[in-house]
Amino acid sequence: MVAAMCTERAASNVLTEKLEAHQQEKREAFVAVRRQFALLRSELADHRTEMRADFRRIHEQLAEIKGLIINSRGGHAQ
């Protein structure tokens, strides 16, 4: 009976160690994914800022082109 209890306790200890190792591995993986996600969010925000600046420049250039076209027609838009 004592030998069976020792075997059960040893098996329980082994399973507990495996579970703790698995949980630690998953925590580390989760932290890595969170870091990657934070980096992607930052890169996306940078890209969004760049795109807005590009659109503003394009808008200004189109306004200049429109002005040139109107002026070339003697100031009359058709």
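Basis for what follows: all heavy atoms, side chains included, without hydrogens, waters or symmetry-related copies. All values reported here derive from a predicted model rather than from experimental measurement.
- Cluster partners of Val14, using a side-chain heavy-atom cutoff of under 4.5 Å among ILVMFWY residues and allowing indirect links: none.
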Please table the atom pairs, donor to acceptor, closer than 3.5 Å between any side-chain atom in residues 38-65 and protein atoms at least two apart or in another chain.
unit_1 : atom_1 : unit_2 : atom_2 : d
Thr49  : OG1    : Ala45  : O      : 3.0
Asp54  : OD1    : Arg57  : NH2    : 2.2

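- Here side chain to side chain donor-acceptor pair (under 3.5 Å) pairs that include residues 18-30, with residues two or more places apart or in two chains, are Gln24-Arg27, Gln24-Glu28.
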